[in-house]
Number of protein chains: 2
Amino acid sequence: MKIGELATASATPVETIRYYEREGLLPQPTRTASNYRVYEEQHLERLQFIRNCRGLQMSLDEVRELLRYKDEPAQDCAETVDKLLEAHIGHVALRIQELRGLEAQLIALRDRCRGTQDVEHCGILAGLAETPAAPAVKQHLHVR
Amino acid sequence: MKIGELATASATPVETIRYYEREGLLPQPTRTASNYRVYEEQHLERLQFIRNCRGLQMSLDEVRELLRYKDEPAQDCAETVDKLLEAHIGHVALRIQELRGLEAQLIALRDRCRGTQDVEHCGILAGLAETPAAPAVKQHLHVR
DNA sequence: TAAAAACCCTGTAGTAACTACAATGTCAAG
DNA sequence: CTTGACATTGTAGTTACTACAGGGTTTTTA
């Protein structure tokens, strides 16, 4: 299987596959005489695993950890895997909470606009300029 | 007001303020003889506006656009501002939907693990390896 | 008054997870 | 035998910052 085929089989851009290889998530495949990458079924499976994890919004570091457990299972693996997943679920739930608050604020802001025409008196811009009123999501601006 | 004061007044890291200046979001302030930036009240207001928008998860490009309307109000401004906000609300709502689906999948995955001990048969890793079963968030992996 | 601490400056590089070239090489079809 | 699709490496761009390094200045403190 050449890289293009693997790409379509896994719905992953070619460049991303090469990126995963550079990052050590995918093992280096064998090469043809002309230096083309040649993949086996195993590669496809591993790539699909990665993509599934990514689809679940895990970071590449988390994926790396899971792959490590797949590659060399130890006795306390299951527990650790479970923990990782548990933590991830927590993050997602928190993010949903934050976005809900955000949505409410945005809707409130939008509704301030209804009824004004000119920008000078537009409630939206005024609302965004307010200092304490709409301190928005106060926490770390830095969520994903 | 020196940059440090502006930073504490706006709860924004100093480096971020300089970054906004480089990006053209904040106008270049005057300087002291020793080349220190000197800010006025206006700067603080503008920075607060930016931070509020960012707190609402708007991109800097969106903020830039809003600032443009603040700076030079035209006749059809209010409408455009409204549209921008409307679109933004849509994005947030969509993202919440996606995360909800995600959460459900993660929980289902976690529950597959209950009852197994060793990694070889751990339902979580097996679930993540499956091809069609948990295609996760199928769409663009690339949401924020 | 002098030294130390706290602040400021510019410029560059790093972050995550890709994406997008540029410049080149290879292979299959017509 | 040429055209087009595919492959290669390497580098730079994306977003919104963050973190230095290597300097200068100002304020505080002893």
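All chains are named by letter (A, B, ...) in the order of the sequence lines, taking the proteins before the strands, and each is independently numbered beginning at 1. Fair warning: this is a prediction, and the values are worked out from it, not measured in the lab.
- Protein atom CG of A:L47 is 15 Å distant from nucleotide atom C1' of C:dA17, rounded to whole Å.
- Electrostatic pairing of B:R68 and B:D71 does not count as a salt bridge here, judged by no charged N lying under 4.0 Å from a carboxylate O.
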(request) Give the B/S/- string for nucleotides 4-9 of chain D, one per nucleotide from 5' to 3', where a protein heavy atom under 4.0 Å of the base yields B, of only the sugar-phosphate yields S, and otherwise -. (result) --BSBB
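- A:M1 and A:Y36 fall into different hydrophobic clusters, defined by Ile, Leu, Val, Met, Phe, Trp and Tyr side-chain heavy atoms under 4.5 Å apart, directly or through other members.
- Remark: side-chain polar atoms of B:R54 are not paired, donor with acceptor, to backbone N or O of B:V63 under 3.5 angstrom.
- Across the protein-nucleic acid pair, A:D61 atom CG and C:dC18 atom C1' stand 15 Å apart, rounded to whole Å.
- One atom, CZ of B:R51, and another, C1' of D:dC17, lie 9 Å apart when rounded to the nearest Å.
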(request) Start with the C-alpha gap between A:Y20 and A:R51, add the side-chain angles, then the distance that decides, and say whether side-chain hydrogen bond (donor to acceptor under 3.5 Å, both in side chains) holds. (result) CA-CA 11 Å; A:Y20 287 162; A:R51 290 256 113 187; 3.1 Å; yes
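- Atom CG in B:L25 sits about 12 Å away from atom P in D:dT15, given to the nearest Å.
- One interatomic measurement links the two molecules: OH of A:Y20 to C1' of C:dA16, which rounds to 11 Å at whole-angstrom precision.
- For the pair B:R18 and B:E15, the salt-bridge criterion is met [side-chain N within less than 4.0 Å of a carboxylate O].
- Under the 4.5 Å side-chain criterion, counting only non-hydrogen atoms from C-beta, B:I17 is not in contact with B:R37.
- Between the C1' atom of D:dC17 and the CZ atom of B:R64 lies a distance of 13 Å, rounded to the nearest Å.
- Within the 4.5 Å cutoff, no side-chain heavy atoms of B:K2 are placed close to those of B:T32.
- Taking the screw axis at each terminus of the helix from C:dT1-D:dA30 to C:dG30-D:dC1 from five consecutive base pairs, the angle between the two is 10° to within rounding of 10 degrees.
- Contact check, B:S59 against D:dT15: no side-chain N or O comes under 4.0 Å of OP1 or OP2.
- Put simply, CD1 on B:I17 is 12 Å from P on D:dT18, counting in whole angstrom units.
- Contact between the side-chain N/O atoms of A:R54 and the OP1/OP2 oxygens of C:dC18 is found at a separation under 4.0 Å.
- Looking at B:I50 and B:T12, their side chains never come closer than 4.5 Å, going by heavy atoms from C-beta outward.
- One interatomic measurement links the two molecules: OH of A:Y19 to P of D:dT11, which rounds to 17 Å at whole-angstrom precision.
- Atom CZ in B:F49 sits 10.5 Å away from atom CG in B:L25 (nearest 0.5 Å).
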